[in-house]
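Some notes on the structure that comes next.
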Amino acid sequence: MAFATCLASAPAQAAVPDSPAVTYTNPIAEKRADPHIFKHTDGYYYFTASVPEYDRIVLRRATTIQGLKTAPETTIWTKHASGVMGAHIWAPEIHFIDGKWYVYFAAGATEDIWAIRMYVLEGTGANPLTATWTEKGQIRTQWESFSLDATTFVVNGVRYLAWAQRDPSVNNNTDIYLAKMANPWTITGTPVMLSRPTYSWETVGYKVNEGPAVIQRGGKVFMTYSASATDANYCLGMLTASASADLLSQASWSKSATPVFTSSAATSQYGPGHNSFTVSEDGKSDILVYHDRSYKDISGDPLYDPNRRTRVQKVYWNADGTPNFGIPVADGVTPQRFSSYNFPDRFVRHYDYRARIEANVTKLSDSQFRVVPGLAGSGTVSLESANFPGYYLRHENFEVWLRKNDGSAQFASDATFRQRAGLADPAGVSYESYNYPGRYVRHWEYLLHVQAVSTATDRADATFYTQ
């Protein structure tokens, strides 16, 4: 009993999260597909992407991800007037390797625009926007066939190249391949095929695995890739391997049976894919970079629809160490998660529209909320659901529910809060009811209520960390 009393009077304090909330406003760039953002040691983010004309390679830089939206753009290379590298300039990526810049891209030829092959540019100079660029030529692989989407990464000191290519002996479009690199423009050894489009969600319109991108964490290597046609069916799959395994053995990789990132009609985001990864400005959060469209139906060939936009959102990590991308969030400010101060493994979420705190929320979007201007007045906030736009956390009989905004003054008042420094830790956040001052959102038996707070336990229950 004495032990229990001690616990009640001095609630445990959670550590401030290793990865605090980070928000951006989407889209980052209109009419920019296949985006690649690279954070360099000089403090700048470097951004490149396919332009709708498919005729040049562009770069922009900024000290923040959001700053890329308005950063001036520089053309560093233009397609050849004839011959190879003369058409379909696709999917550039920029990397910094051994003191030099490298841009990987795909291109066709003027006499055969579908003779897509992979090429490399080398840049000398501190700033790639003003660097001197030279062509290092084509990346030669095991076949002279349709190949694209080269990316490079290092695991345990070994540099690899991953890419997409058509096997001439197979009736599909592209598979994912991996090889070691002898230098930044040359592979060495025999490439291994890591993934072939066989699942139904990989073969809509076209049988496609393309656009590999790698993120590493906890001794694991995760390789996302894009699948199906580049319309609303476009989506991300994922391969997983141990960093200590032989990455050049297909047996080292496991493939997710379902896509890990797909279109969302709820948020009006369609065909998310061809992603890359970067990190937040503080270095504490992983960021998913991708393109999609804001509409489902496309007139004509999706390849020539110019309206794919570059977007970003935070990557979260499940308790088992796997990445969770959630859904492509709505345009505008990106959502956050709220972890409990005194139950740090539990997050605010909605379940059957009731708000509660819960651990291991693998349906990520149930635990994501956009902090938006308060429905009832300036200087306040409302918490909008990520996967039910237009639905907000509100109190009913002092219980917190997720409800659709009915436009009434009563709803606006009940769904509006004053954001305060955390009552138990000013590094956290607490939410005071707009129409019942002195009452705060707090958990009680894991369900959220709006109640008055007086004890240390009350204050702990009413304190959350943004993630």
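Side-chain N or O atoms of Glu30 include none that pairs as donor or acceptor with a backbone N or O of Asn307 at under 3.5 Å. With hydrogens and angles ignored, the 3.5 Å screen pairs no side-chain donor or acceptor of Asp231 with any backbone N or O of Asp297. No side-chain donor-acceptor contact under 3.5 Å links Lys207 to the backbone of Ala227. Ser263 contributes a side-chain N or O that, together with a main-chain N or O of Gly271, makes up a donor-acceptor pair within less than 3.5 Å. Put simply, the side chain of Asp149 gets close to the backbone of Gly211: a donor and an acceptor are under 3.5 Å apart. Between the side chain of Thr463 and the main chain of Ala424, a donor-acceptor pair closer than 3.5 Å is present. With hydrogens and angles disregarded, a donor-acceptor distance shorter than 3.5 Å links the side chain of His88 to the backbone of Ile113. Although no hydrogens or angles enter the test, the distance criterion places no donor-acceptor pair under 3.5 Å between the side chain of Thr48 and the main chain of Ile94. Using modelled atom types, one side-chain atom of Ser228 and one backbone atom of Val204 make a donor-acceptor pair closer than 3.5 Å. In this structure, the side chain of Gln138 does not engage the main chain of Val120 through any donor-acceptor pair within 3.5 Å.
Between atom CG of residue Asp366 and atom CZ of residue Arg349 there is a gap of 4.5 Å, rounded to the nearest 0.5 Å. Distance check: Glu210 CD to Asp34 CG gives 8.0 Å after rounding to the nearest 0.5 Å. Atom OG of Ser226 and atom CZ of Phe261 lie 10.5 Å apart (nearest 0.5 Å). Here NZ of Lys363 is found 9.5 Å from OH of Tyr351. Values are rounded to the nearest 0.5 Å. Here the CD1 atom belonging to Ile28 is positioned 6.5 Å from the CD1 atom belonging to Ile37, to the nearest 0.5 angstrom.
Between His40 and Tyr45, the ring centre distance reaches or exceeds 6.0 Å. Taking the six-membered ring for Trp, Trp163 and Tyr225 have ring centres at least 6.0 Å apart. If you look at His291 and Tyr234, their ring centroids are closer than 6.0 Å. In this structure, Trp101 has its ring center closer than 6.0 angstrom to the ring center of Phe96. When ring centroids are compared, His350 and Phe388 come within the 6.0 Å threshold.
Surrounding CG of Asp320 are more than 12 heavy atoms belonging to other residues, nucleotides or ligands, all under 6.0 Å away. Counting non-hydrogen atoms of other residues, nucleotides and ligands closer than 6.0 Å to NZ of Lys69 gives a total above 12. Applying the 6.0 Å contact sphere to OH of Tyr54 captures more than 12 heavy atoms from other residues, nucleotides or ligands. The environment of Lys136 atom NZ is dense: over 12 non-hydrogen atoms of other residues, nucleotides or ligands sit within 6.0 angstrom. With a 6.0 Å radius and a threshold of 12 heavy atoms from other residues, nucleotides or ligands, Asp18 has its CG atom at or below the threshold. Heavy atoms of other residues, nucleotides or ligands lying less than 6.0 angstrom from OH of Tyr206 number 12 at most. Under a cut-off of 6.0 angstrom, the local environment of OH in Tyr295 is crowded, with over 12 non-hydrogen atoms contributed by other residues, nucleotides or ligands.
Taking the side chain as every heavy atom from C-beta outward, Thr334 and Arg370 never approach each other to under 4.5 Å. Between His95 and Phe153 the shortest side-chain heavy-atom distance does not fall below 4.5 Å. With a 4.5 Å cut-off on side-chain heavy atoms, Thr240 and Trp253 do not count as touching. Residues Phe222 and Val214 are not in side-chain contact: their nearest non-hydrogen atoms beyond the backbone lie 4.5 Å or more apart. Looking at Ile287 and Val22, their side chains come closer than 4.5 Å, going by heavy atoms from C-beta outward. The shortest side-chain heavy-atom distance between Asp175 and Asn209 does not fall under the 4.5 Å cut-off. Between Pro92 and Ser50, some side-chain heavy-atom pair lies under the 4.5 Å cut-off. Counting only heavy atoms from C-beta outward, the side chains of Asn275 and Leu236 approach each other to under 4.5 Å.
With hydrogens and angles left out, the side-chain atoms of Tyr102 and Glu122 include a donor and acceptor closer than 3.5 Å.
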Give the C-alpha distance, both sets of side-chain angles, the deciding distance and a yes or no for side chain to side chain donor-acceptor pair (under 3.5 Å) between Gln467 and Ser339. CA-CA 7 Å; Gln467 295 198 39; Ser339 61; 2.9 Å; yes
Please lay out, stage by stage, how Gln313 and Tyr290 fare under the test side chain to side chain donor-acceptor pair (under 3.5 Å). CA-CA 9 Å; Gln313 60 192 69; Tyr290 63 98; 2.7 Å; yes
Begin with the C-alpha distance, continue with both residues' side-chain angles, and end with the deciding distance and a verdict on side chain to side chain donor-acceptor pair (under 3.5 Å) for Gln269 and Ser294. CA-CA 5 Å; Gln269 307 298 326; Ser294 61; over 6 Å; no
Go through the steps for Phe338 and Tyr465 under the test ring-ring contact (aromatic ring centres under 6.0 Å, His included), then give the verdict. CA-CA 5 Å; Phe338 298 92; Tyr465 290 120; over 10 Å; no
As a quick check of understanding, evaluate side chain to side chain donor-acceptor pair (under 3.5 Å) for Thr124 and Lys100, giving each step before the final call. CA-CA 6 Å; Thr124 303; Lys100 292 186 178 181; 4.6 Å; no
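Taking the six-membered ring for Trp and thresholds of 30 and 60 degrees, His80 and Trp77 have ring planes inclined between 30 and 60 degrees apart.
Residues Trp114 and Phe146 approach most closely at O-CD1, 3.6 Å, considering heavy atoms. In this structure, Ala386 and Ile327 approach most closely via the heavy-atom pair O-CD1, 4.0 Å. For Ser242 against Lys220, the heavy-atom pair with the smallest separation is CA-CD, 4.2 Å. Shortest non-hydrogen contact noted between Ile116 and Ala106 is CG2-CB, 3.8 Å. Taking each heavy atom of Thr152 and Ile97 in turn, the nearest pair found is CG2-CD1, 4.1 Å.
Taking the charged nitrogens against the carboxylate oxygens, Asp292 and Arg309 do have a contact shorter than 4.0 Å, which makes a salt bridge. A salt bridge links Glu144 with Arg117: at least one charged nitrogen is closer than 4.0 Å to a carboxylate oxygen. Checked for salt-bridge contact, Asp55 and Lys79 miss the test: no charged N lies under 4.0 Å from a carboxylate O.
Taking the centre and axis of the six-membered ring of Phe347, the NZ or CZ atom of Arg337 falls inside the cone set by 45° and 6.0 Å. Taking the ring axis of Trp143 as reference, the NZ or CZ atom of Arg166 does not stay both within 45° of it and closer than 6.0 Å to the ring centre. In this structure, Arg346 forms a cation-pi arrangement with Tyr446, its terminal cationic atom sitting closer than 6.0 Å to the ring centre and no more than 45° off the ring axis.
The only member of Lys31, Lys296, Arg293 that meets salt bridge (charged side-chain N to carboxylate O under 4.0 Å, His left out) when paired with Asp305 is Arg293.
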